[in-house]
Amino acid sequence: MSGLLSEHSDPSNPARQGFWARHPAEVAADLIGWSVFVDGVGGRIVETEAYHHEDPASHSYAGPTPRNAVMFGPQAHAYVYRSYGIHWCLNFVCWQGAPGGGVLIRALEPTAGLDIMAERRGLADPRALASGPGKLGQALGVTRAHNGLALTSPPFAMRSGPRPELVIGPRIGISKAVDLPWRFGEAGSRYLSRSF
DNA sequence: TGCCCGATTAACT
DNA sequence: GTTAATCGGGCAA
């Protein structure tokens, strides 16, 4: 499908809603190779994790709360949460049937605004700019202000891309449902948070 | 109201 | 391999 946009993969296509109204694990896999930008700063998504409302590791597992409310709202919106009191992590809301799900964007291959990312991160190595969910949030300037914003309009922008060969494994940093293979990455990428 | 802990990172030993 | 930094959600009291 290299380069060609299906109605599901083209974010500018009105039918795109179908892309996000699927199981988060399917969306997480299909997002690898896409690009995301915040105010023009961003790059290719090379690592994601899926979180489902019936998944004990998901913020949405116990039902809506003020923090996770966005996960129960419309798909293709940004869910941003504070991690360990320090980092901002970026998720894309997606769910099918019952609401409450999302995809954590864990790592990017930077392609635009490298200088801005370097300034925000305090270092210049492209491989260290967004190779982790907290780093990615910092590099893209994501904060609580982005929570609940649609991915289809500024400051967000998305571009579909060919899906590379994938590697799949268990998610990182969780204590429940640790064996679910809901972490996806680009095989051989040098921009992953950790190897699979 | 208080306490515990986390979808992490960076700087240690 | 280990640990501090740091803060808000969720739950017990």
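Throughout, protein chains are lettered first and strands after them, A, B, ... in sequence-line order, and every chain is numbered starting at 1. Given the structure is predicted, the values throughout are model-derived calculations rather than measurements.
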Exercise. Look at A:Arg127 together with A:Glu109 and state whether they make a salt bridge at an N to O cut-off of under 4.0 Å.
Key: no
Quiz prompt | Dot-bracket encoding of pairs in DNA chain B, which uses [ ] for pseudoknotted crossings and | for another strand, Watson-Crick or G-U under 3.5 angstrom | solution = ||||||.|||||.
Practice problem: With a 4.0 Å heavy-atom cut-off, tell me which residues in residues 50-61 of chain A come close to DNA chain C, sorted by residue number. | Solution: none
Quiz item: What is the ring orientation for A:Trp182 with A:His23, classed by angle as parallel under 30°, tilted 30 to 60°, or perpendicular over 60°?
Solution: perpendicular
Quiz item: Is the closest side-chain heavy-atom distance between A:Trp20 and A:Val93 below 4.5 Å?
Solution: no
Practice problem: Salt-bridge test for A:Asp55 and A:Lys176: reply yes if a basic N is under 4.0 Å from a carboxylate O, no otherwise. | Solution: no
Self-check item: Backbone of A:Pro74 reached by a side-chain donor or acceptor of A:His77 within 3.5 Å
Solution: no
Quiz item: Among side-chain atoms of A:Tyr79 and A:His59, is any donor-acceptor pair under 3.5 angstrom?
Solution: yes
Quiz item: Quick one: is A:Lys135 getting a side-chain N or O under 4.0 Å of the B:dA10 phosphate, OP1 or OP2?
Solution: yes
Quiz item: Between A:Gln138 and A:Arg121, does a side-chain hydrogen bond (donor to acceptor under 3.5 Å, both in side chains) hold up when you go through it step by step?
Solution: CA-CA 7 Å; A:Gln138 184 182 23; A:Arg121 294 274 299 119; 2.8 Å; yes
Quiz item: Just by distance, do the side chain of A:Asn68 and the backbone of A:Thr65 share a donor-acceptor pair under 3.5 Å?
Solution: yes
Quiz item: So what does A:Arg121 touch, heavy atoms closer than 4.0 Å: a base, only the sugar-phosphate, or nothing?
Solution: sugar-phosphate
Quiz item: Which of residues 81-114 of chain A sit near DNA chain C, with a heavy atom under 4.0 Å from it?
Solution: A:Arg82, A:Tyr84, A:Gly85, A:Ile86
Quiz item: Do A:Ser193 and A:Arg106 get their side chains close enough for a donor-acceptor pair, meaning under 3.5 Å?
Solution: yes
Quiz item: What distance, rounded to whole Å, do you find between the two C1' atoms, one in B:dC5 and one in C:dT3?
Solution: 15 Å
Quiz item: Can you check whether A:Trp34 and A:Phe19 have ring centres sitting under 6.0 Å from each other?
Solution: yes
Practice problem: For A:Arg144, report the nucleic acid contact type (base, sugar-phosphate, nothing); a contact means any heavy atom under 4.0 Å. | Solution: sugar-phosphate
Exercise. Mind calculating the distance between CZ (A:Arg171) and C1' (B:dT8) to the nearest angstrom?
Key: 16 Å
Self-check item: Contact under 4.0 Å: A:Arg67 side-chain N or O vs C:dC7 OP1/OP2
Solution: no
Quiz item: Would a 4.5 Å heavy-atom cut-off, applied to side chains only, mark A:Phe196 and A:Arg183 as touching?
Solution: yes
